[in-house]
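Let me begin by presenting the structure, written as C-alpha coordinates, before commenting on it.
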There are 2 protein chains.
Amino acid sequence: MWFVYTETPTSGTTAPVRASERAYRQLRGEILDGILPAGTGLLEIEQSARIGVSRTPLRAAIARLIADGLVAGRPGRGFMVTEMSMDSIRELYEVRRALEEHAARIAADRRDPAVFLALRDQFLAAPELLAQGETGLHRYYDLIDEFDDAVDEAVDNPFLVGALATVRTHLARIRRLARGNPARLRAAAAEHLLIIDAIIAGDTSLAAHATHVHLQQSLANVLAAIQGQPTGPVA
Amino acid sequence: MWFVYTETPTSGTTAPVRASERAYRQLRGEILDGILPAGTGLLEIEQSARIGVSRTPLRAAIARLIADGLVAGRPGRGFMVTEMSMDSIRELYEVRRALEEHAARIAADRRDPAVFLALRDQFLAAPELLAQGETGLHRYYDLIDEFDDAVDEAVDNPFLVGALATVRTHLARIRRLARGNPARLRAAAAEHLLIIDAIIAGDTSLAAHATHVHLQQSLANVLAAIQGQPTGPVA
DNA sequence: TGAAGCTCCTATGTATACATAGAATGCTCG
DNA sequence: CGAGCATTCTATGTATACATAGGAGCTTCA
(Lines give C-alpha, C1' and ligand atoms only; values in the text may rest on other atoms or scores of the structure.)
Protein backbone atom coordinates (compact mmCIF):
# COMPACT_ATOMS: atom_id res chain seq x y z
CA MET A 1 0.00 0.00 0.00
CA TRP A 2 1.38 3.38 -1.02
CA PHE A 3 1.32 6.55 0.96
CA VAL A 4 -2.04 8.27 0.88
CA TYR A 5 -2.81 11.72 2.19
CA THR A 6 -6.04 11.02 3.97
CA GLU A 7 -6.30 14.41 5.59
CA THR A 8 -6.56 17.64 3.68
CA PRO A 9 -3.47 19.74 4.41
CA THR A 10 -5.46 22.80 5.45
CA SER A 11 -3.24 23.54 8.42
CA GLY A 12 0.13 24.72 7.19
CA THR A 13 2.55 22.05 8.34
CA THR A 14 2.13 18.91 6.26
CA ALA A 15 4.87 16.91 7.91
CA PRO A 16 4.67 13.35 6.57
CA VAL A 17 3.74 11.85 9.91
CA ARG A 18 4.93 8.31 10.19
CA ALA A 19 2.29 5.64 10.65
CA SER A 20 3.88 4.52 13.90
CA GLU A 21 3.67 8.08 15.18
CA ARG A 22 0.00 8.36 14.27
CA ALA A 23 -0.79 5.04 15.94
CA TYR A 24 1.14 6.06 19.04
CA ARG A 25 -0.61 9.42 19.38
CA GLN A 26 -4.05 7.97 18.79
CA LEU A 27 -3.66 5.10 21.25
CA ARG A 28 -2.02 7.32 23.83
CA GLY A 29 -4.77 9.89 23.52
CA GLU A 30 -7.47 7.27 23.81
CA ILE A 31 -5.90 5.76 26.91
CA LEU A 32 -5.46 9.15 28.54
CA ASP A 33 -9.04 10.15 27.73
CA GLY A 34 -10.39 6.91 29.11
CA ILE A 35 -11.77 5.79 25.76
CA LEU A 36 -9.62 2.71 26.24
CA PRO A 37 -10.22 1.94 29.94
CA ALA A 38 -7.74 0.20 32.18
CA GLY A 39 -7.67 -3.51 31.56
CA THR A 40 -8.61 -3.23 27.90
CA GLY A 41 -6.80 -5.82 25.83
CA LEU A 42 -4.87 -4.48 22.87
CA LEU A 43 -4.74 -7.00 20.04
CA GLU A 44 -2.25 -6.13 17.33
CA ILE A 45 -4.39 -7.24 14.41
CA GLU A 46 -7.56 -5.69 15.74
CA GLN A 47 -5.95 -2.34 16.58
CA SER A 48 -3.93 -2.13 13.40
CA ALA A 49 -7.10 -2.68 11.39
CA ARG A 50 -8.97 -0.07 13.42
CA ILE A 51 -6.30 2.63 13.18
CA GLY A 52 -5.48 1.85 9.60
CA VAL A 53 -1.81 0.94 9.82
CA SER A 54 -0.05 -2.37 9.45
CA ARG A 55 1.16 -4.45 12.36
CA THR A 56 4.77 -3.28 12.17
CA PRO A 57 4.23 0.40 13.02
CA LEU A 58 1.52 -0.54 15.50
CA ARG A 59 4.02 -2.74 17.27
CA ALA A 60 6.42 0.19 17.52
CA ALA A 61 3.61 2.32 18.96
CA ILE A 62 2.82 -0.29 21.60
CA ALA A 63 6.50 -0.57 22.48
CA ARG A 64 6.52 3.16 23.21
CA LEU A 65 3.34 2.87 25.26
CA ILE A 66 4.96 0.11 27.29
CA ALA A 67 7.96 2.35 27.90
CA ASP A 68 5.53 5.05 29.03
CA GLY A 69 3.98 2.61 31.47
CA LEU A 70 0.55 2.96 29.90
CA VAL A 71 0.50 -0.57 28.52
CA ALA A 72 1.81 -3.81 29.96
CA GLY A 73 2.59 -7.02 28.14
CA ARG A 74 1.13 -10.16 29.59
CA PRO A 75 3.22 -13.34 29.37
CA GLY A 76 1.48 -15.14 26.57
CA ARG A 77 -1.78 -13.31 26.04
CA GLY A 78 -1.13 -10.01 24.34
CA PHE A 79 -1.12 -6.55 25.87
CA MET A 80 -3.44 -4.55 28.06
CA VAL A 81 -3.93 -1.01 29.30
CA THR A 82 -2.38 -0.77 32.76
CA GLU A 83 -4.57 -0.40 35.83
CA MET A 84 -4.52 2.62 38.11
CA SER A 85 -5.41 1.60 41.63
CA MET A 86 -5.62 3.97 44.56
CA ASP A 87 -2.30 2.59 45.75
CA SER A 88 -0.78 3.39 42.36
CA ILE A 89 -2.00 6.95 42.65
CA ARG A 90 -0.40 7.34 46.06
CA GLU A 91 2.83 5.88 44.71
CA LEU A 92 2.73 8.20 41.73
CA TYR A 93 2.31 11.22 43.98
CA GLU A 94 5.22 10.06 46.09
CA VAL A 95 7.50 10.36 43.07
CA ARG A 96 5.75 13.46 41.88
CA ARG A 97 6.50 15.17 45.19
CA ALA A 98 10.18 14.35 44.99
CA LEU A 99 10.50 15.56 41.41
CA GLU A 100 8.29 18.63 41.48
CA GLU A 101 9.61 19.94 44.76
CA HIS A 102 13.10 19.64 43.38
CA ALA A 103 12.04 21.21 40.09
CA ALA A 104 10.35 24.12 41.87
CA ARG A 105 13.48 24.69 43.91
CA ILE A 106 15.66 24.77 40.82
CA ALA A 107 13.19 26.86 38.85
CA ALA A 108 13.17 29.48 41.59
CA ASP A 109 16.93 29.58 41.30
CA ARG A 110 17.27 29.78 37.52
CA ARG A 111 13.99 31.29 36.32
CA ASP A 112 13.44 34.17 33.94
CA PRO A 113 11.19 36.47 36.02
CA ALA A 114 9.41 37.87 32.98
CA VAL A 115 8.03 34.47 32.02
CA PHE A 116 6.55 33.82 35.43
CA LEU A 117 5.23 37.36 35.80
CA ALA A 118 3.22 36.78 32.65
CA LEU A 119 1.96 33.48 33.99
CA ARG A 120 1.04 35.21 37.24
CA ASP A 121 -1.36 37.51 35.41
CA GLN A 122 -3.00 34.58 33.70
CA PHE A 123 -3.45 32.63 36.90
CA LEU A 124 -4.97 35.73 38.53
CA ALA A 125 -7.66 35.54 35.87
CA ALA A 126 -8.18 31.80 36.37
CA PRO A 127 -11.30 32.08 38.61
CA GLU A 128 -13.16 33.95 35.87
CA LEU A 129 -11.95 31.36 33.38
CA LEU A 130 -13.36 28.55 35.50
CA ALA A 131 -16.76 30.21 35.47
CA GLN A 132 -17.00 29.85 31.70
CA GLY A 133 -17.91 26.19 31.58
CA GLU A 134 -16.32 23.60 29.36
CA THR A 135 -14.28 25.87 27.11
CA GLY A 136 -12.92 27.79 30.09
CA LEU A 137 -11.97 24.53 31.73
CA HIS A 138 -10.08 23.51 28.64
CA ARG A 139 -8.21 26.82 28.59
CA TYR A 140 -7.43 26.41 32.28
CA TYR A 141 -5.77 23.07 31.63
CA ASP A 142 -3.82 24.68 28.81
CA LEU A 143 -2.65 27.26 31.32
CA ILE A 144 -1.41 24.52 33.62
CA ASP A 145 0.50 23.07 30.68
CA GLU A 146 2.07 26.48 30.05
CA PHE A 147 3.15 26.60 33.67
CA ASP A 148 4.67 23.14 33.42
CA ASP A 149 6.49 24.15 30.25
CA ALA A 150 7.83 27.28 31.92
CA VAL A 151 9.15 25.20 34.82
CA ASP A 152 10.71 22.74 32.39
CA GLU A 153 12.45 25.53 30.55
CA ALA A 154 13.72 27.12 33.76
CA VAL A 155 14.95 23.80 35.11
CA ASP A 156 16.85 23.18 31.88
CA ASN A 157 17.64 19.56 32.70
CA PRO A 158 16.65 16.89 30.17
CA PHE A 159 16.78 14.08 32.73
CA LEU A 160 14.55 15.89 35.20
CA VAL A 161 12.19 17.08 32.49
CA GLY A 162 11.95 13.53 31.17
CA ALA A 163 11.15 12.10 34.57
CA LEU A 164 8.52 14.78 35.07
CA ALA A 165 7.01 13.99 31.67
CA THR A 166 6.56 10.38 32.71
CA VAL A 167 4.80 11.40 35.88
CA ARG A 168 2.58 13.88 34.06
CA THR A 169 1.56 11.21 31.56
CA HIS A 170 0.05 9.10 34.29
CA LEU A 171 -1.32 12.20 35.95
CA ALA A 172 -3.31 13.01 32.83
CA ARG A 173 -5.27 9.80 33.31
CA ILE A 174 -6.06 10.78 36.89
CA ARG A 175 -6.87 14.39 36.16
CA ARG A 176 -10.25 13.49 34.68
CA LEU A 177 -11.44 12.47 38.11
CA ALA A 178 -11.20 15.97 39.55
CA ARG A 179 -13.12 17.49 36.66
CA GLY A 180 -16.41 17.92 38.41
CA ASN A 181 -15.01 19.97 41.29
CA PRO A 182 -14.80 23.70 40.49
CA ALA A 183 -14.08 24.62 44.10
CA ARG A 184 -10.96 22.46 44.07
CA LEU A 185 -9.81 23.94 40.77
CA ARG A 186 -10.10 27.48 42.13
CA ALA A 187 -8.11 26.45 45.18
CA ALA A 188 -5.51 24.81 42.95
CA ALA A 189 -5.18 28.02 40.96
CA ALA A 190 -4.51 29.91 44.17
CA GLU A 191 -1.87 27.35 45.16
CA HIS A 192 -0.22 27.75 41.78
CA LEU A 193 -0.12 31.49 42.37
CA LEU A 194 1.77 30.93 45.60
CA ILE A 195 4.32 28.75 43.81
CA ILE A 196 4.69 31.27 41.00
CA ASP A 197 5.23 34.11 43.46
CA ALA A 198 7.92 32.11 45.21
CA ILE A 199 9.63 31.38 41.90
CA ILE A 200 9.49 35.03 40.89
CA ALA A 201 10.95 36.02 44.24
CA GLY A 202 13.71 33.47 43.80
CA ASP A 203 12.74 31.90 47.11
CA THR A 204 13.80 28.27 46.54
CA SER A 205 12.67 27.00 49.91
CA LEU A 206 9.24 28.60 49.69
CA ALA A 207 8.77 27.30 46.15
CA ALA A 208 9.48 23.77 47.33
CA HIS A 209 7.22 24.00 50.36
CA ALA A 210 4.37 25.60 48.41
CA THR A 211 4.68 22.77 45.89
CA HIS A 212 4.56 20.24 48.69
CA VAL A 213 1.37 21.77 50.04
CA HIS A 214 -0.19 21.92 46.60
CA LEU A 215 0.51 18.30 45.86
CA GLN A 216 -0.75 17.17 49.24
CA GLN A 217 -4.04 18.97 48.60
CA SER A 218 -4.22 17.63 45.09
CA LEU A 219 -3.72 14.06 46.23
CA ALA A 220 -6.33 14.39 48.97
CA ASN A 221 -8.81 15.73 46.43
CA VAL A 222 -8.14 12.95 43.95
CA LEU A 223 -8.47 10.23 46.56
CA ALA A 224 -11.67 11.76 47.87
CA ALA A 225 -13.08 11.95 44.34
CA ILE A 226 -12.37 8.27 43.81
CA GLN A 227 -13.97 7.33 47.10
CA GLY A 228 -17.09 9.13 45.89
CA GLN A 229 -17.19 7.06 42.74
CA PRO A 230 -18.02 3.44 43.62
CA THR A 231 -16.99 2.35 40.14
CA GLY A 232 -14.12 0.31 41.47
CA PRO A 233 -10.91 0.45 39.43
CA VAL A 234 -10.09 3.86 38.07
CA ALA A 235 -10.51 4.05 34.35
CA MET B 1 15.49 -19.32 9.67
CA TRP B 2 14.39 -21.73 12.39
CA PHE B 3 15.18 -21.53 16.03
CA VAL B 4 18.64 -22.76 16.86
CA TYR B 5 20.00 -23.35 20.31
CA THR B 6 23.38 -21.72 19.98
CA GLU B 7 24.30 -22.06 23.62
CA THR B 8 24.53 -25.32 25.45
CA PRO B 9 21.85 -25.39 28.13
CA THR B 10 24.29 -26.16 30.93
CA SER B 11 22.67 -23.70 33.33
CA GLY B 12 19.23 -24.94 34.27
CA THR B 13 16.89 -22.29 32.88
CA THR B 14 16.63 -22.61 29.12
CA ALA B 15 14.01 -19.94 28.62
CA PRO B 16 13.58 -19.43 24.87
CA VAL B 17 14.94 -15.89 24.91
CA ARG B 18 13.40 -13.78 22.20
CA ALA B 19 15.72 -12.42 19.57
CA SER B 20 14.69 -8.85 20.41
CA GLU B 21 15.60 -9.50 24.04
CA ARG B 22 19.02 -10.88 23.11
CA ALA B 23 19.73 -7.92 20.85
CA TYR B 24 18.60 -5.48 23.53
CA ARG B 25 20.77 -7.01 26.23
CA GLN B 26 23.83 -7.23 24.02
CA LEU B 27 23.59 -3.67 22.73
CA ARG B 28 22.78 -2.31 26.16
CA GLY B 29 25.70 -4.13 27.71
CA GLU B 30 28.07 -2.96 25.02
CA ILE B 31 26.97 0.65 25.44
CA LEU B 32 27.28 0.48 29.21
CA ASP B 33 30.71 -1.12 28.97
CA GLY B 34 31.93 1.47 26.53
CA ILE B 35 32.46 -1.06 23.75
CA LEU B 36 30.10 1.10 21.74
CA PRO B 37 31.32 4.59 22.64
CA ALA B 38 29.15 7.69 22.63
CA GLY B 39 28.52 8.95 19.14
CA THR B 40 28.72 5.53 17.54
CA GLY B 41 26.25 5.19 14.71
CA LEU B 42 23.95 2.20 14.92
CA LEU B 43 22.94 0.98 11.48
CA GLU B 44 20.08 -1.49 11.50
CA ILE B 45 21.42 -3.75 8.79
CA GLU B 46 24.97 -3.72 10.10
CA GLN B 47 23.98 -4.39 13.70
CA SER B 48 21.39 -7.02 12.85
CA ALA B 49 24.01 -8.89 10.84
CA ARG B 50 26.56 -8.60 13.63
CA ILE B 51 24.24 -9.78 16.40
CA GLY B 52 22.62 -12.42 14.25
CA VAL B 53 18.99 -11.36 14.30
CA SER B 54 16.81 -9.88 11.63
CA ARG B 55 15.98 -6.19 11.39
CA THR B 56 12.57 -6.51 13.02
CA PRO B 57 13.69 -7.61 16.50
CA LEU B 58 16.72 -5.33 16.26
CA ARG B 59 14.38 -2.43 15.66
CA ALA B 60 12.45 -3.37 18.80
CA ALA B 61 15.72 -3.46 20.73
CA ILE B 62 16.71 0.00 19.51
CA ALA B 63 13.27 1.32 20.42
CA ARG B 64 13.86 0.16 23.99
CA LEU B 65 17.31 1.71 24.03
CA ILE B 66 15.81 5.00 22.89
CA ALA B 67 13.28 4.79 25.72
CA ASP B 68 16.22 4.18 28.07
CA GLY B 69 17.91 7.30 26.77
CA LEU B 70 20.97 5.35 25.65
CA VAL B 71 20.32 5.86 21.95
CA ALA B 72 18.94 8.83 20.05
CA GLY B 73 17.40 8.85 16.61
CA ARG B 74 18.71 11.48 14.21
CA PRO B 75 16.18 13.03 11.81
CA GLY B 76 17.13 11.27 8.64
CA ARG B 77 20.42 9.60 9.34
CA GLY B 78 19.89 6.57 11.54
CA PHE B 79 20.63 6.25 15.22
CA MET B 80 23.57 6.91 17.48
CA VAL B 81 24.71 6.23 21.03
CA THR B 82 23.95 9.30 23.13
CA GLU B 83 26.75 11.52 24.37
CA MET B 84 27.54 12.02 28.05
CA SER B 85 28.97 15.48 28.59
CA MET B 86 30.04 16.86 31.94
CA ASP B 87 26.89 18.96 31.95
CA SER B 88 24.83 15.82 31.40
CA ILE B 89 26.49 14.21 34.38
CA ARG B 90 25.68 17.18 36.57
CA GLU B 91 22.09 17.09 35.35
CA LEU B 92 21.87 13.38 36.00
CA TYR B 93 23.09 13.82 39.55
CA GLU B 94 20.54 16.57 40.08
CA VAL B 95 17.76 14.06 39.42
CA ARG B 96 19.59 11.34 41.25
CA ARG B 97 19.73 13.48 44.37
CA ALA B 98 16.01 14.16 44.30
CA LEU B 99 15.13 10.50 43.82
CA GLU B 100 17.66 8.81 46.07
CA GLU B 101 17.19 11.20 48.95
CA HIS B 102 13.48 10.56 48.76
CA ALA B 103 14.05 6.83 48.43
CA ALA B 104 16.41 6.78 51.43
CA ARG B 105 13.84 8.66 53.48
CA ILE B 106 11.10 6.20 52.58
CA ALA B 107 13.37 3.18 53.02
CA ALA B 108 14.25 4.32 56.53
CA ASP B 109 10.54 4.46 57.24
CA ARG B 110 9.49 1.11 55.79
CA ARG B 111 12.62 -1.04 55.91
CA ASP B 112 13.00 -4.55 57.22
CA PRO B 113 15.90 -4.12 59.70
CA ALA B 114 17.18 -7.64 59.20
CA VAL B 115 17.93 -7.02 55.52
CA PHE B 116 19.97 -3.92 56.19
CA LEU B 117 21.75 -5.45 59.18
CA ALA B 118 23.00 -8.17 56.85
CA LEU B 119 24.10 -5.56 54.33
CA ARG B 120 25.87 -3.67 57.10
CA ASP B 121 28.08 -6.66 57.80
CA GLN B 122 29.00 -6.94 54.16
CA PHE B 123 29.86 -3.27 53.84
CA LEU B 124 32.02 -3.53 56.96
CA ALA B 125 34.09 -6.07 55.05
CA ALA B 126 34.26 -3.90 51.94
CA PRO B 127 37.76 -2.48 52.56
CA GLU B 128 39.25 -5.98 52.57
CA LEU B 129 37.27 -6.76 49.43
CA LEU B 130 38.72 -3.73 47.69
CA ALA B 131 42.24 -4.96 48.43
CA GLN B 132 41.67 -8.11 46.36
CA GLY B 133 42.10 -6.57 42.94
CA GLU B 134 39.78 -7.07 40.00
CA THR B 135 37.63 -9.87 41.40
CA GLY B 136 37.15 -8.00 44.67
CA LEU B 137 36.15 -4.90 42.76
CA HIS B 138 33.59 -6.90 40.86
CA ARG B 139 32.13 -8.29 44.09
CA TYR B 140 32.08 -4.78 45.54
CA TYR B 141 29.91 -3.55 42.67
CA ASP B 142 27.64 -6.55 43.19
CA LEU B 143 27.33 -5.46 46.80
CA ILE B 144 26.24 -1.99 45.71
CA ASP B 145 23.63 -3.64 43.51
CA GLU B 146 22.39 -5.61 46.49
CA PHE B 147 22.08 -2.40 48.46
CA ASP B 148 20.12 -0.77 45.65
CA ASP B 149 17.85 -3.80 45.45
CA ALA B 150 17.25 -3.68 49.19
CA VAL B 151 16.29 -0.01 48.97
CA ASP B 152 13.99 -0.76 46.04
CA GLU B 153 12.26 -3.49 47.97
CA ALA B 154 11.86 -1.31 51.06
CA VAL B 155 10.53 1.62 49.02
CA ASP B 156 7.96 -0.70 47.41
CA ASN B 157 6.93 1.87 44.79
CA PRO B 158 7.06 0.83 41.13
CA PHE B 159 7.12 4.40 39.86
CA LEU B 160 9.99 5.43 42.10
CA VAL B 161 11.89 2.21 41.44
CA GLY B 162 11.43 2.73 37.72
CA ALA B 163 12.72 6.28 37.84
CA LEU B 164 15.71 5.10 39.87
CA ALA B 165 16.39 2.36 37.35
CA THR B 166 16.60 4.94 34.58
CA VAL B 167 19.07 7.00 36.55
CA ARG B 168 21.16 3.96 37.42
CA THR B 169 21.33 2.94 33.78
CA HIS B 170 23.09 6.16 32.89
CA LEU B 171 25.13 5.93 36.06
CA ALA B 172 26.53 2.60 34.95
CA ARG B 173 28.14 4.34 31.98
CA ILE B 174 29.75 6.87 34.29
CA ARG B 175 30.82 4.40 36.93
CA ARG B 176 33.69 3.14 34.80
CA LEU B 177 35.40 6.49 35.22
CA ALA B 178 35.88 6.10 38.95
CA ARG B 179 37.33 2.62 38.61
CA GLY B 180 40.93 3.51 39.14
CA ASN B 181 40.42 5.21 42.48
CA PRO B 182 40.51 2.76 45.41
CA ALA B 183 40.65 5.55 47.97
CA ARG B 184 37.38 6.95 46.73
CA LEU B 185 35.77 3.50 46.74
CA ARG B 186 36.75 2.95 50.36
CA ALA B 187 35.28 6.35 51.25
CA ALA B 188 32.13 5.50 49.33
CA ALA B 189 31.80 2.27 51.30
CA ALA B 190 32.02 4.25 54.53
CA GLU B 191 29.34 6.64 53.28
CA HIS B 192 27.10 3.71 52.43
CA LEU B 193 27.57 2.43 55.97
CA LEU B 194 26.30 5.74 57.31
CA ILE B 195 23.21 5.53 55.13
CA ILE B 196 22.59 1.92 56.14
CA ASP B 197 22.91 2.77 59.82
CA ALA B 198 20.39 5.59 59.40
CA ILE B 199 17.98 3.25 57.62
CA ILE B 200 18.36 0.60 60.32
CA ALA B 201 17.73 3.23 62.98
CA GLY B 202 14.65 4.39 61.11
CA ASP B 203 16.07 7.91 61.03
CA THR B 204 14.49 9.26 57.85
CA SER B 205 16.10 12.67 58.03
CA LEU B 206 19.59 11.30 58.62
CA ALA B 207 19.18 8.79 55.82
CA ALA B 208 18.30 11.58 53.40
CA HIS B 209 21.12 13.84 54.52
CA ALA B 210 23.70 11.05 54.45
CA THR B 211 22.56 10.23 50.93
CA HIS B 212 22.92 13.87 49.97
CA VAL B 213 26.48 13.93 51.26
CA HIS B 214 27.34 10.67 49.53
CA LEU B 215 26.06 11.86 46.17
CA GLN B 216 27.83 15.18 46.47
CA GLN B 217 31.10 13.37 47.11
CA SER B 218 30.44 10.93 44.31
CA LEU B 219 29.74 13.70 41.81
CA ALA B 220 32.85 15.61 42.83
CA ASN B 221 34.93 12.47 42.34
CA VAL B 222 33.45 11.70 38.94
CA LEU B 223 33.95 15.24 37.69
CA ALA B 224 37.52 15.27 38.97
CA ALA B 225 38.20 11.95 37.26
CA ILE B 226 36.98 13.34 33.95
CA GLN B 227 39.09 16.45 34.32
CA GLY B 228 42.08 14.17 34.73
CA GLN B 229 41.30 12.43 31.44
CA PRO B 230 41.84 14.85 28.56
CA THR B 231 39.96 12.50 26.23
CA GLY B 232 37.19 15.00 25.75
CA PRO B 233 33.71 13.49 25.57
CA VAL B 234 33.08 10.74 28.03
CA ALA B 235 32.73 7.39 26.36
C1' DT C 1 36.82 28.15 -9.66
C1' DG C 2 32.63 28.17 -7.01
C1' DA C 3 27.97 27.25 -6.50
C1' DA C 4 23.72 25.15 -7.81
C1' DG C 5 21.27 21.33 -9.55
C1' DC C 6 20.72 16.54 -10.43
C1' DT C 7 21.41 11.76 -9.78
C1' DC C 8 22.30 7.81 -7.34
C1' DC C 9 22.55 5.36 -3.24
C1' DT C 10 21.93 4.09 1.33
C1' DA C 11 19.24 3.32 5.36
C1' DT C 12 14.87 3.68 7.33
C1' DG C 13 9.59 3.04 7.24
C1' DT C 14 6.04 -0.11 6.01
C1' DA C 15 3.59 -4.22 4.57
C1' DT C 16 3.05 -9.02 4.59
C1' DA C 17 4.03 -14.08 4.83
C1' DC C 18 5.30 -17.67 7.85
C1' DA C 19 6.56 -20.22 12.24
C1' DT C 20 5.46 -20.95 16.97
C1' DA C 21 3.92 -20.79 21.67
C1' DG C 22 0.20 -20.65 24.76
C1' DA C 23 -4.55 -21.10 25.85
C1' DA C 24 -9.18 -22.60 25.33
C1' DT C 25 -11.96 -26.39 24.20
C1' DG C 26 -13.67 -30.65 23.45
C1' DC C 27 -12.81 -35.54 23.74
C1' DT C 28 -11.80 -39.66 25.96
C1' DC C 29 -10.88 -42.65 29.65
C1' DG C 30 -11.15 -44.04 34.40
C1' DC D 1 -19.27 -37.41 36.19
C1' DG D 2 -14.60 -35.57 36.66
C1' DA D 3 -9.85 -35.28 35.32
C1' DG D 4 -6.27 -35.59 32.04
C1' DC D 5 -4.88 -35.01 27.40
C1' DA D 6 -4.83 -34.03 22.57
C1' DT D 7 -6.23 -30.74 19.20
C1' DT D 8 -7.07 -26.56 17.29
C1' DC D 9 -6.93 -21.90 17.06
C1' DT D 10 -5.38 -17.40 17.89
C1' DA D 11 -2.08 -13.86 18.53
C1' DT D 12 2.58 -12.82 18.89
C1' DG D 13 7.60 -13.22 17.20
C1' DT D 14 10.44 -13.22 13.18
C1' DA D 15 12.04 -12.75 8.48
C1' DT D 16 12.00 -10.49 4.24
C1' DA D 17 10.48 -7.70 0.20
C1' DC D 18 9.45 -3.19 -1.31
C1' DA D 19 8.81 1.98 -1.32
C1' DT D 20 10.73 6.29 -0.05
C1' DA D 21 13.19 10.07 1.97
C1' DG D 22 17.33 12.30 2.71
C1' DG D 23 22.11 12.94 1.87
C1' DA D 24 26.56 12.52 -0.54
C1' DG D 25 28.87 13.07 -4.58
C1' DC D 26 29.30 14.41 -9.26
C1' DT D 27 28.37 17.27 -13.01
C1' DT D 28 27.49 21.46 -15.19
C1' DC D 29 26.96 26.27 -15.82
C1' DA D 30 28.08 31.05 -14.81
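Any value given below was found using the heavy atoms of this structure, including those in side chains, with hydrogens, waters and symmetry copies removed. In what follows, chains are A, B, ... by sequence order, proteins preceding strands, each numbered from 1. Since the model is a prediction, treat every value here as computed from it, not as a measurement.
The two residues B:E91 and A:N157 make their nearest non-hydrogen contact at O-ND2, 3.0 Å.
What separates CG of A:L58 from C1' of C:dT14 is a distance of 12 Å, to the nearest Å. Distance CZ (B:R59) to P (C:dA15): 12 Å, rounded to an integer number of Å. Note: CD (A:Q47) to P (D:dA11) measures 12 Å, nearest angstrom. Regarding A:R64, its CZ atom lies at a distance of 11 Å from the P atom of C:dG13, rounded to whole Å. Rounded to an integer number of Å, the gap from CZ of A:R55 to C1' of C:dA17 is 10 Å. The distance between atom CD1 of B:I51 and atom P of D:dT14, rounded to the nearest whole Å, is 13 Å. Taking atom CZ of A:R18 as the reference point, atom P of C:dA11 lies 18 Å away to the nearest angstrom. Atom CD in B:E46 sits about 9 Å away from atom P in C:dT12, given to the nearest Å.
Listed by first and then second residue, the side-chain hydrogen bond (donor to acceptor under 3.5 Å, both in side chains) pairs that reach into residues 103-113 of chain B are A:E94-B:R110, sequence neighbours excluded.
The closest side-chain donor-acceptor pair between A:T169 and A:T166, if any, does not fall under 3.5 angstrom.
Contact check, B:T56 against D:dG13: no side-chain N or O comes under 4.0 Å of OP1 or OP2.
Looking at the side chain of A:S54, the nearest of the listed nucleotides D:dA15, D:dT12, C:dA15 is C:dA15. Which of C:dA15, C:dT14, D:dT14 sits closest to the side chain of A:V53 comes down to C:dA15. Of the candidate nucleotides D:dT12, D:dA15, D:dT14, D:dT14 has the atom lying nearest to any side-chain atom of B:A19. Closest to the A:F79 side chain, of the nucleotides D:dA15, D:dG13, C:dT14, is D:dG13.
Within the nucleic acid shown, B:I45 comes within 4.0 Å of at least one base atom, counting heavy atoms only. If you check every strand for non-hydrogen atoms under 4.0 Å, B:L42 touches sugar and phosphate atoms only.
By the 30° and 60° cut-offs, the orientation of the rings of A:F147 relative to A:F123 is perpendicular.
The one candidate from A:T211, A:V155, A:L160 that meets the side-chain contact (heavy atoms from CB on, under 4.5 Å) condition with A:L99 is A:L160.
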